[in-house]
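In what follows, chains carry the letters A, B, and so on, assigned in the order in which the sequence lines appear, proteins first and then strands, with residues in each chain numbered from 1.
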Amino acid sequence: MALDDRTPPQTGHGVAVLVELPKHAGLSGTLSYRAATPLPVGQLLRVPLGRRVVCGIAWGDEGPLADARATPVLDEGAADAPVRRDVAEVLDALPPLGPGWRALIRFAAAYYQRAPGELALSVLPADLRELDTAALQRRLRRLDKRLGRTPPPAPKRRRGAAAATTAPETPVEPGPEPLPPPVLPDLSEEQRLALDALADAAERADPVLLHGATGSGKTEVYLRRVAAALDAGRQALLLVPEINLTPQLEARIRARFPGRVTVALHSGLGPAERLQNWLAAHLGWADIVLGTRMAVFASLPRLGLIVVDEEHDPSYKQQEGARYSARDLAVWRARQEGVAVILGSATPSLETWHNALPSPEGTGRYHRLGMPTRIGAGALPQVRLVDLTRLQEQFGRQMLRDQPFAPPLLAALRDRLERGEQSLVLLNRRGYAPVLHCPGCGWKSDCPHCSAWRVFHKLDRTLRCHHCGFAERVPRACPSCGDPDIQPIGRGTERLEEQLATALPGARIGRIDADTTRGKGSLEAQLAQVHDGDIDVLVGTQMVAKGHDFRRITLVAALQADAALFSSDFRAPERLFALLMQAGGRAGRDAAQAARSELWIQTWHPQHPLYAALTAHDYPAFAAGQLLERQQAGLPPFSHLALLRCEARTQESAMAFLAQAARRAAELQTQQPAWADILVYPPVPPSVQRVANVERAQMLVESPSRPALQRLLAAWLPSFQDDARQAGARVLRWAVDVDPLAI
DNA sequence: AGCACGCCGACT
DNA sequence: GTCGGCGTGCTC
């Protein structure tokens, strides 16, 4: 309905509206408009803002969850209130965004220190924000047709009746007509026990950690719980870390639940499809929503279950804008809406593990279920450590450095080749060599715009900066002294591929990394090549270690794993352990070959406890060791972190801005005793200090109490606006990252 | 962030 | 005389 703004109603109803205004705008919270009729909270609107008409959401204070900082800038009584403008349009063809969704937005905005309007609008599909009533009607008709439904459903549905009414008359995607009911796989004893426990936990809506080995059948357990949610007339939300993993799972879900509506929500969808799928979820027409981290913000009026697969995966943390953790928000949302949440992983994050350990070791907040056994296949792959320190007596240090593979590993690769089995070699570095070097004058291939080396890519003959993208044709001679003898230092996947071809003549070598998977569908094509047996040895970065099912690989080798052992990033060991377990999980998924599948690791530190735990496939031992170290160092989950980042024209101004912020924090801390034990560390430049000619600096804040940290941040951040203005144009932007992954 | 208004150089 | 550079400032 369009309201006529030439004849504004004399006695309109005031309505608080969330609109997208970045914090810099100096406005936060809601803006006040006038509407002809009272509007329900959560109603989507179009409102005039400046010279534009923008999308807004009717908002209001909603009890204890309301964000205290989101007070309207103006209220009814304000003397200097500008004339309230009229709501331009009410999109009442859509039901209002529900209380669960609104509470999630309120919480996430407050927790991650963003304006509620900015967060709320940024998690809606871009096309929805542009829609007026007429366009919306068109979209809804098209969606109706696609889902083969007739009139929109009543907003509330009785349990039991739902199954019949939600079933569309035709499948969502063009495909075979009515499918026969799928044959359910038999459950293992472990799966049965886990499902019993999950049913119990679901009654109480307790969060559950499903700690299941790779290949233990976690997905089947998820699907059984999804079935239970659907039978109860509810919607299920499944989160996966990467887009790459959605098509596989989506196909499996569609086959498993024919007649149910499954939609995907991730950034790989086009704007139109994204809107359609979002609408299907919001209207309650979709039964299953499968997506990446953004999907945690889907509007789900009948939500009954949330699954977070591979919950430890760093991709769940958004790295720009509102830097939220979709996994943490999933747990919060489930608790708030009183529904079950399952976190699944073979190598849980230490935060989750700590929450799943009973007191006094952990918090006991989550229920822990273990599924240690691999289905069908026998044992997990045997872990073999290649002790480079011992081998150097025999072969010399230089030879071990120059050759990618120590002789025993090379022999093992030859064995597989002779037996017609496949191998996977992991190296976490793209390109031919990470840096070029001139032995004559000491020149190195640095990036003119970043404090980083440019990587030599031999295939397209370029020097390429992986931070800013700056690329140039590789020089024939040293650009500094003219010496033609410039040399690559180190090794990336391109070079490894080349060296493998020499070491294993006749072997068919393949490579999968971000460079070989540029085009749409090229990852799938290359994976198919591996599946079809067209490849003997596959070289890849960590992207191949995730999720893909390689039935015929019996050897996985990890090169240069040691780097993570001594990284300054306190989470590096956790990530390495997860990566190696996951990589090992690629091997021997075929029962016939499981017995001789192996995970090889070349290391100078074979006695390291991480490798000992890995060899024993003992995640609990690894986690116990790590948690002890974290506790002693006062790191998460035993403390709570926030990272204040600043980007500026010069390093000095970035540091000065942070130093000023530190003084503000100190002031606040003297005023509020509860904040006294929060530690604000001195500002430091990050490991890559300059990117694309922008200088960066960061400052760590550490607190034993999460609420205290939250309150300090909320009181602290508003002061930055003035300080940045005083710093002038040199300070470009700042952002706070609550619960940062890397510091 | 958008998207204005606002005040000084090369073009019809 | 206009078209247009992007420097401040506002948005219920």
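Within residues 49-57 of chain A, the residues approaching DNA chain B are A:R51, A:R52, by heavy-atom distance under 4.0 Å.
Counting heavy-atom neighbours within 6.0 Å of A:R711 CZ, excluding the residue itself, gives a total of 12 or less.
Distance A:L31 CG to B:dA1 P: 17 Å, rounded to the nearest Å. Regarding A:E130, its CD atom lies at a distance of 11 Å from the P atom of B:dG2, rounded to whole Å. As a whole-Å value, the separation of A:Y33 OH from C:dC12 P is 5 Å. Rounded to whole Å, atom C1' of B:dA1 lies 12 Å from atom CZ of A:R129. Residue A:E118 contributes atom CD, which lies 14 Å from atom C1' of B:dG2 at whole-angstrom precision. In this structure, CG of A:L21 is placed 11 Å from P of C:dT11, rounded to the nearest angstrom.
With sequence neighbours excluded, the residues forming a side-chain contact (heavy atoms from CB on, under 4.5 Å) with A:P637 are A:E351, A:H354, A:L627, A:R630, listed by chain and number. Partners of A:A735 under the side-chain contact (heavy atoms from CB on, under 4.5 Å) rule, at least two apart in sequence or in another chain, do not exist in this structure. For A:R473, the side-chain contact (heavy atoms from CB on, under 4.5 Å) partners are A:R461, not counting sequence neighbours. Listed by chain and number, the residues in a side-chain contact (heavy atoms from CB on, under 4.5 Å) with A:H449 are A:C447, A:C468, A:F470, A:N693 (sequence neighbours excluded).
Within the structure, every pair that satisfies the salt bridge (charged side-chain N to carboxylate O under 4.0 Å, His left out) test and touches residues 686-700 of chain A, not counting sequence neighbours, is listed here: A:R690-A:E695.
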